[in-house]
Amino acid sequence: MSGRHAFVEKLRDLALDFTDEDIKPLFAKFKALADKKHEITDADIRALVAGTMVENPEGFHFDDLQLQTHTDNTIEALVSLANMDGEKVDFTATGQGSVEAIFNAIDKFFNQSVRLVSYTIDAVTDGIDAQARVLVTVENRDTETIFNAAGLDFDVLKASAIAYINANTFVQKENAGEMGTTVSYRDMPSV
């Protein structure tokens, strides 16, 4: 039995919702997880499936993150986003802390009026190699609509960037008229 076939069987055993198109990216994420973590639990696999990305209208998603601390105690974040065509964009911003600098850089990419309402971190799995889940709530200042989004990664700062990008994507979709007055669970990232 191939690794990919065993992975699909495990998804079925766990009664997780997926389509045939989901298999390739999920299996790639699973292999990356296996490279980082010695033992993969059912909770890890559930978190992996739940942590799939929300795609913004331009197709950009989180790619990478770099931080640098300056002598004046500010933090500079370089956030890279990429699309399926391989196009990459980088945005740099500073802040008094890592999360503020990351969010300021993401704000430059989206260029919309968003207010962070809440920010929560928790561990999805047990152990020192646990995955972090970050939940953010943002307000679209133009419409006063509230959006919740999640991000998942081993690195809590990367999970923060993913969550904030996902939340901004919802605001972007609303501003573009791509989201109606009712929001389906399909519009929301699973957690």
Side-chain angles (χ1 to χ4, degrees), residues 25-26 28-30 32-33 35-37 43-70 72-83 88-141 145-175 187-191:
L26 283 174
K29 289 179 183 180
F30 173 77
L33 178 65
D35 288 343
K36 294 179 182 178
K37 192 170 183 178
D44 287 316
I45 294 172
R46 282 189 185 93
L48 185 76
V49 172
T52 55
M53 276 187 206
V54 178
E55 189 173 302
N56 62 57
E58 284 78 36
F60 282 92
H61 60 273
F62 175 78
D63 184 55
D64 198 14
L65 168 67
Q66 295 177 22
L67 296 170
Q68 183 176 8
T69 304
H70 295 283
D72 63 355
N73 291 326
T74 58
I75 308 274
E76 182 177 30
L78 171 68
V79 177
S80 301
L81 293 104
N83 66 16
K88 285 189 176 187
V89 292
D90 295 332
F91 289 88
T92 304
T94 60
Q96 294 303 309
S98 300
V99 173
E100 181 184 21
I102 292 165
F103 287 9
N104 288 343
I106 293 166
D107 285 341
K108 285 183 176 181
F109 172 76
F110 284 97
N111 192 28
Q112 54 196 9
S113 184
V114 173
R115 180 178 70 89
L116 180 65
V117 176
S118 72
Y119 172 83
T120 308
I121 305 168
D122 66 317
V124 175
T125 56
D126 295 328
I128 195 162
D129 56 358
Q131 295 182 72
R133 177 178 56 185
V134 173
L135 304 172
V136 297
T137 301
V138 300
E139 177 187 20
N140 181 348
R141 288 188 176 176
T145 307
I146 301 292
F147 293 99
N148 298 304
L152 183 73
D153 198 273
F154 282 97
D155 183 323
V156 69
L157 296 174
K158 288 181 179 180
S160 299
I162 293 166
Y164 197 63
I165 289 167
N166 288 342
N168 271 276
T169 296
F170 290 136
V171 172
Q172 185 180 45
K173 285 182 177 186
E174 181 187 41
N175 290 343
D187 294 325
M188 298 300 202
S190 302
V191 179

Could you go through Asp107 and Tyr164, starting from their C-alpha distance and side-chain angles, then the distance that decides it, and tell me whether this counts as side chain to side chain contact (heavy atoms under 4.5 Å, CB included)? CA-CA 9 Å; Asp107 285 341; Tyr164 197 63; 2.8 Å; yes

Stepwise side chain to side chain contact (heavy atoms under 4.5 Å, CB included) test for Val171 and Phe110: CA-CA 9 Å; Val171 172; Phe110 284 97; over 6 Å; no

Identify all side-chain donor-acceptor contacts of residues 88-101 below 3.5 Å with residues at least two apart in sequence or on another chain.
unit_1: Lys88; atom_1: NZ; unit_2: Asp63; atom_2: OD2; d: 2.9
unit_1: Asp90; atom_1: OD1; unit_2: Ser80; atom_2: OG; d: 2.6
unit_1: Glu100; atom_1: OE1; unit_2: Gln96; atom_2: N; d: 2.6

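- Across every non-hydrogen atom of Glu139 and Ile146, the tightest pair is CB-CD1, 3.6 Å.
- When all heavy atoms of Leu67 and Ile75 are compared, the pair lying nearest together is CD2-CG2, 4.0 Å.
- Note that the CG atom of Asn168 and the CD1 atom of Ile106 stand 7.0 Å from one another [nearest 0.5 Å].
- Taking every heavy atom of both residues into account, Thr74 and Asp72 meet most closely at OG1-OD1, 2.6 Å.
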Side chain to side chain contact (heavy atoms under 4.5 Å, CB included) between Val134 and Val156, intermediate numbers included: CA-CA 7 Å; Val134 173; Val156 69; 4.1 Å; yes

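- In this structure, Thr137 OG1 and Arg115 CZ are separated by 10.0 Å, a value rounded to the nearest 0.5 Å.
- Here the closest non-hydrogen pair linking Leu135 and Ala150 is CD2-CB, 3.6 Å.
- With rounding to the nearest 0.5 angstrom, the CG atom of Leu65 is 6.5 Å from the CG atom of Leu157.
- The main-chain N or O of Leu81 is never found under 3.5 Å from a side-chain atom of His61 such that the two would form a donor-acceptor pair.
- Asp64 is linked by a salt bridge (Lys or Arg N to Asp or Glu O under 4.0 Å) to nothing, counting only residues two or more places apart in sequence or in another chain.
- Distance check: Gln66 CD to Glu76 CD gives 10.0 Å after rounding to the nearest 0.5 Å.
- Closest of all the heavy-atom pairs between Ala130 and Phe154 is O-CD2, 3.8 Å.
- Contact annotation: the side chain of Val136 approaches that of Phe103 to within less than 4.5 Å [non-hydrogen atoms, C-beta and beyond].
- The two residues Ala149 and Ala167 come nearest to each other via the heavy atoms CB-N, 3.4 Å.
- At a threshold of 4.5 Å between non-hydrogen side-chain atoms, the residues Asn140 and Phe170 do not count as touching.
- Looking at Gln131, its side chain never comes within 3.5 Å of a backbone N or O of Leu152 through a donor-acceptor pair.
- Atoms CZ and CD1, on Phe109 and Ile165 in that order, are 8.0 Å from each other to the nearest 0.5 Å.
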